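Structure record follows, encoded as structure tokens.
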Amino acid sequence: MKDKIEKILHSDTAVELDKFYNSPWYIACVAFVCVMSYMTGFSALAIALLAALVIPALIVCKNSFVLIPFLLMFALCMSPATVGPEYFLRPMTLSVLCVTAVVAIPAFVFHIAYYGKWRIMFKRSYLTVSFAVLTGLTVIGGIGAPSLSWIGVGLALAIGASMFLPYSLFFNCGEYKGRKTIEFFAYTMIAVAVVIFSHVIKQYVSNGLNLDYHPKNLIEFGYAISNTAAAIVVLAIPMTFYLVHIYKYGFLFLPVVALELLTVAMTFSRAALLIAIPGTLIVAIAMCFTKKTGRLGYWITVGIGAAAAVALVVVARHRLSDMLASFFSGTGSGRTNLWKSGFEAFKEHPVFGLGIWYLPPINDWYYSFHCTPLTYLYCTGVFGLGAYLYHRYRTVRLVFSAKLTKERVFLALTVLAMLCNALLDIAMTSPLHLLYYGTMLALINCDVKVNKKTVPVAVAAAGVAALYDDNSAKRRTDGRQ
């Protein structure tokens, strides 16, 4: 039986499928299904199509990194029709999902069993302990407080699983290939941004909105609201700059950066824009001095973009001034009031906090204190905040634990963008966003592991060569004597 399976997996068809699943074409197919799902509202059918796409990958691909597009874009299939649990209780929806599960689960079992990944997928790694401590204190957060609930315990477990599972799976089971792997992730993030852009456009068209109207409250997807969708798009910007940096004609990706910024602006997410605009400017300027190939084309493109931006500001300065005044009106008032009220409640339960479910959901969306450190302080107490700071220390130490590479620098910038956005939003306590977080930490850890391996091997090889030369010289001397 094993010989037959080996023959199938080494056939020309399997080899071509493996190439497809490690290419941007596979990412584009996943993105296309997500767009069509949102445009038509047939989310259950889209989930079945995504499963049909990923099942062959589970069978023919040993490298678990091929699961990244599916994992990060799966939720983007959720159309407005799926808001609320009643959609998933319809007989037709249940039938489609059950058939999909019956086919997909055996494929995943085959993947982890045949390739031997069940032995290593939960192997202890550099961040395992910090994840466990953080999750444990989040679960028990709220002990002694009246706001403690089983729903909060379930959410805490979901938060921990969303961080740890992709980290452990990809770090232990992925075959890291340096630039090739990070390119694959970068193209996935671009696809995510394009999908969300198409969803934003649909919301504008379907609601008949224009720039004279504040559309923020009407931009609501089946998987996120405007703020949380924008936070995901922000993560795509540094990874797009990675492609700009590594390719000779990378400046051709700069219009994609502009599209991502436009998407963030169209969501009217102030927190995301406060990170995206200055972050993009800093990286763009820095790359004027660090980009090695195609520098002239990059300078010209950046110069044209800067000139166009200045011209737009000059020509439409009055209109832009009115829009900005409306856009940033009341900035921070809601959040600061939330932080103050949370602090007053926290003072009564400072050790283990108020529980992660202290703030009830609003419009079916989980609602946190919109600041990661304060959320952990208020919801899990001083012990929970200490666990988060310990986890943060471990991640920073991980980034610098081996000689920096351009891959790790841009991954670290992406994580930094997420953390900065989470100072004003819910990203670090949102399971959807934490799938991205765990995946990025796995890639960073993979890069560290590879580069830590190469340095000692090179040093050892040089030492062996030097020792051989010394012994050879000694033998020659002994021979002459």
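Keep in mind that what you see is a predicted model, and the values were worked out from it rather than measured.
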d(Ile159 CD1, Thr135 OG1) to nearest 0.5 Å is 8.5 Å
Salt bridge flag under 4.0 Å for residues Lys340 and Glu344
no
State, to 0.1 Å, how close Arg335 and Leu424 come at their nearest heavy-atom pair, and which atoms those are.
NE-O, 2.6 Å
Are the aromatic rings of Tyr167 and Phe131 close, with centres under 6.0 Å apart?
yes
What is the distance from atom CG of Asn63 to atom OH of Tyr21, rounded to the nearest 0.5 Å?
14.0 Å
Side chains of Val302 and Met287, heavy atoms from C-beta outward: is any pair under 4.5 Å?
no
Can you establish whether the number of heavy atoms outside Tyr126 located under 6.0 Å from its atom OH is more than 12?
yes
Report yes or no: do Ser43 and Ser79 form a side-chain donor-acceptor pair below 3.5 Å?
yes
With rounding to the nearest 0.5 angstrom, report the CG to CG distance, Leu58 to Leu53.
11.5 Å
Does either side chain, that of Glu407 or that of Tyr176, offer a donor lying less than 3.5 Å from an acceptor on the other one?
no
Heavy-atom closest pair, residues Gly342 and Leu354
O-CD1, 4.1 Å
Ring pair (Phe, Tyr, Trp, His ring centres under 6.0 Å) for Phe251 and Tyr298? Distances and angles first, verdict last.
CA-CA 5 Å; Phe251 59 86; Tyr298 177 79; 8.2 Å; no
Please say which of His391, Arg394, Arg392 ends up in a side-chain hydrogen bond (donor to acceptor under 3.5 Å, both in side chains) with Ser130.
His391
In terms of relative ring orientation, are Phe164 and Phe122 parallel, tilted or perpendicular, with 30° and 60° separating the classes?
parallel
What about the rings of His349 and Tyr378, do their centers lie closer together than 6.0 Å?
no
Any idea which heavy atoms bring Met78 and Tyr223 closest together, and the distance?
O-CD2, 3.6 Å
Return yes when atom NZ of Lys406 has more than 12 non-hydrogen atoms of other residues, nucleotides or ligands closer than 6.0 Å, and no otherwise.
no
Give me the one residue out of Leu434, Leu71, Ile68 that meets side chain to side chain contact (heavy atoms under 4.5 Å, CB included) with Pro166.
Leu71
Before we go on, tell me: are the rings of Phe352 and Phe383 under 6.0 Å apart, centre to centre?
yes
Please state whether the rings of Tyr358 and Phe369 are parallel, tilted or perpendicular, taking 30° and 60° as the class boundaries.
parallel
Just wondering, more than 12 heavy atoms not from Lys62 lying within 6.0 Å of its NZ?
no
Check: Phe410 ring centroid to Tyr242 ring centroid under 6.0 Å
yes
Determine, for Phe171 and Lys449, whether the Lys NZ or Arg CZ falls below 6.0 Å from the six-membered ring centre while staying within 45 degrees of the axis.
yes
Worked check of ring pair (Phe, Tyr, Trp, His ring centres under 6.0 Å) between His111 and Tyr115
CA-CA 6 Å; His111 181 76; Tyr115 294 112; 5.5 Å; yes
